[in-house]
Amino acid sequence: MARAAAVLAGLATGPVDAQAPPRSGYEMMSRELQAMQRDDSLNPGMLWVLEGQALWARREGPVERACTDCHGATPADRLRGAAAAHPAWDALLARPVTLAERIAQCRIRHQGVAAPAAGGPALLALEAAVAHASRGLPMRPPDDARLEPWRARGQALWQQRLGQLDLSCAQCHDERAGGRLGGALIPPGNAAGYPTYRLEWQGLGPLQRRLRNCMTGVRAEPWAAGSDEMRSLEVYLAWRDRGLPVEAPAVRP
Amino acid sequence: MTRAIVTLPTRARQGEVIEIRALVAHPMETGHRPDSEGRVLPRNIIRRFSCRYDGQTVFSADLHAAIAANPVIVFHTVATVSGPLTCTWQGDGGFVHEHVATLQVV
């Protein structure tokens with residue numbers, strides 16, 4: 001009965017997902033790593049969150065405006081839930097924007113910061129702080145018909161075989177999640193924990209860095225940063241993760 | 001911008017053993033890795049960590065290459081008097097970062 005209701009709800013809001021409910025890679029990690037992610041005094045991602053919260057109050061650009069002027073004293077004041085609802089449609093650009101792109105656009109439009117300066121380490125720290133404000137909330141990508149073609153394209157890219165190894169994302173992260181590739185665990189491919197602190201990176205990184213990793217892993221040429229392919233894939237991944245709690249900043253091996 | 005997160009109880013009873021966790025942002029570059037041009041990156045690691053409390057060094061450690069970036073150090077001390085705990089990280093290239101946390105002993 002509940003299942004039938006879920007299917008009906010799916011029909012009402014969008015395409016039906018035949019797959020099992022999403023699982024988080026968190027469940028598959030060692031207990032030590034889980035403890036590291038849960039405990040803010042051990043999670044190194046919190047260093048970026050802290051920096052982002054400091055940048056939040058810094059006056060920038062020709063208009064000397066800070067994030068606090070519009071969005072409240074901390075990201076949690078008015079932007080709790082924002083990370084769970086991105087990528088979202090941007091009317092001015094007439095395309096979806098990821099959370100990082102939204103923050104960069106905000107800096108360009110409202111602080112008057114130059115476009116290149118709007119990216120970089122400051123943006124990653126701000127993204128970490130804003131994503132952290134949504135921690136624990138379920139992913140709920142916007143129910144927006146304009147996002148639908150992007151989601152469909154992202155899903156097609158997810159299922160498309162790539163590179164010299166001729167593997168699709170779905171072959172590992174849908175069909176073989178929880179299995180092993182060599183010595184490494186194959187994660188289910190969640191986006192809800194980004195930006196994520198990876199021990200392999202020895203640092204915090206955005207979702208697109210992880211996607212690039214996977215593409216070079218299958219010996220494919222990665223799509224450019226900020227390309228429509230990357231954006232479509234992000235739209236699809238947010239939809240695929242709907243219901244999973246935001247974990248940012250997550251810790252992964 | 002150097003950042004550190006030092007976690008300890010805000011209040012403790014006199015004589016109580018307290019746990020202190022000190023996490024600092026640092027690349028801990030080993031000095032053995034080449035960059036994308038093939039040049040070996042100069043070593044940039046934290047060499048020494050120390051914590052002063054109640055007029056004495058209650059904990060110190062020498063750090064070496066092959067310790068992960070953004071190292072976390074967890075140690076214990078006995079709460080004696082209310083006052084500051086000063087954590088200091090020193091490293092290559094004149095790196096010094098100090099973080100002062102306050103403990104209230106009741």
Side-chain angles (χ1 to χ4, degrees), chain A residues 29-30 32-60 66-67 74 117 120-129 132 135 195-205 209 212-213 216 222 225 248-253, chain B residues 1-12 17-36 41-46 49 51 59 61 63-77 85 87 89 91-92 95 97-103:
Chain A
M29 293 198 299
S30 68
E32 290 79 7
L33 270 184
Q34 290 180 348
M36 189 173 169
Q37 174 175 323
R38 270 198 316 270
D39 190 335
D40 284 350
S41 65
L42 299 177
N43 184 338
M46 290 307 292
L47 293 166
W48 279 261
V49 172
L50 216 65
E51 187 182 342
Q53 288 169 348
L55 291 173
W56 188 257
R58 198 168 76 186
R59 308 206 158 271
E60 282 198 87
C67 306
T74 68
L123 181 64
L124 182 64
L126 280 169
E127 186 191 358
H132 174 257
R135 218 189 212 181
T196 287
Y197 190 90
R198 287 197 73 205
L199 302 187
E200 185 187 314
W201 293 340
Q202 299 272 294
L204 193 82
R209 181 172 177 190
R212 268 204 308 281
N213 270 189
T216 51
V251 175
R252 291 291 183 272
Chain B
M1 175 160 52
T2 306
R3 300 143 286 160
I5 299 174
V6 176
T7 312
L8 71 164
T10 46
R11 291 158 68 91
V17 175
I18 57 164
E19 186 187 80
I20 297 145
R21 294 171 170 189
L23 170 65
V24 71
H26 197 282
M28 293 297 280
E29 187 57 60
T30 60
H32 302 298
R33 297 195 314 157
D35 65 9
S36 54
L41 291 161
R43 192 186 72 177
N44 177 20
I45 62 171
I46 298 169
F49 169 79
C51 177
F59 181 86
L63 284 80
H64 301 273
I67 290 176
N70 310 311
V72 57
I73 297 171
V74 182
F75 58 96
H76 297 81
T77 189
L85 277 98
C87 293
W89 293 262
D92 293 330
F95 174 83
H97 184 66
E98 199 175 88
H99 186 101
V100 182
T102 312
L103 177 69

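Keep in mind that this is a model prediction, so the values were computed, not measured. So you know, we letter chains A, B, ... as the sequences are listed, proteins then strands, and number each from 1.
Note that the CD1 atom of B:I5 and the CG atom of A:D40 stand 7.5 Å from one another [nearest 0.5 Å].
Checked against ring-ring contact (aromatic ring centres under 6.0 Å, His included), B:F49 has the following partners two or more places apart in sequence or in another chain: B:F75, B:W89.
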**Intermediate values then yes/no, side-chain contact (heavy atoms from CB on, under 4.5 Å), B:N70 and A:Q202** = CA-CA 8 Å; B:N70 310 311; A:Q202 299 272 294; 5.8 Å; no

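A 4.5 Å side-chain heavy-atom check between B:V72 and A:M36 finds every atom pair outside the cut-off.
Considering every non-hydrogen atom in both A:S41 and B:T7, the closest pair reads CB-OG1, 3.0 Å.
Chain A forms more heavy-atom pairs under 4.5 Å with one residue of B:P27, B:P71, B:A68, B:A22 than with any other, namely B:A68.
Proximity to chain B involves both the backbone and the side chain of A:L47, based on heavy atoms less than 4.5 angstrom apart.
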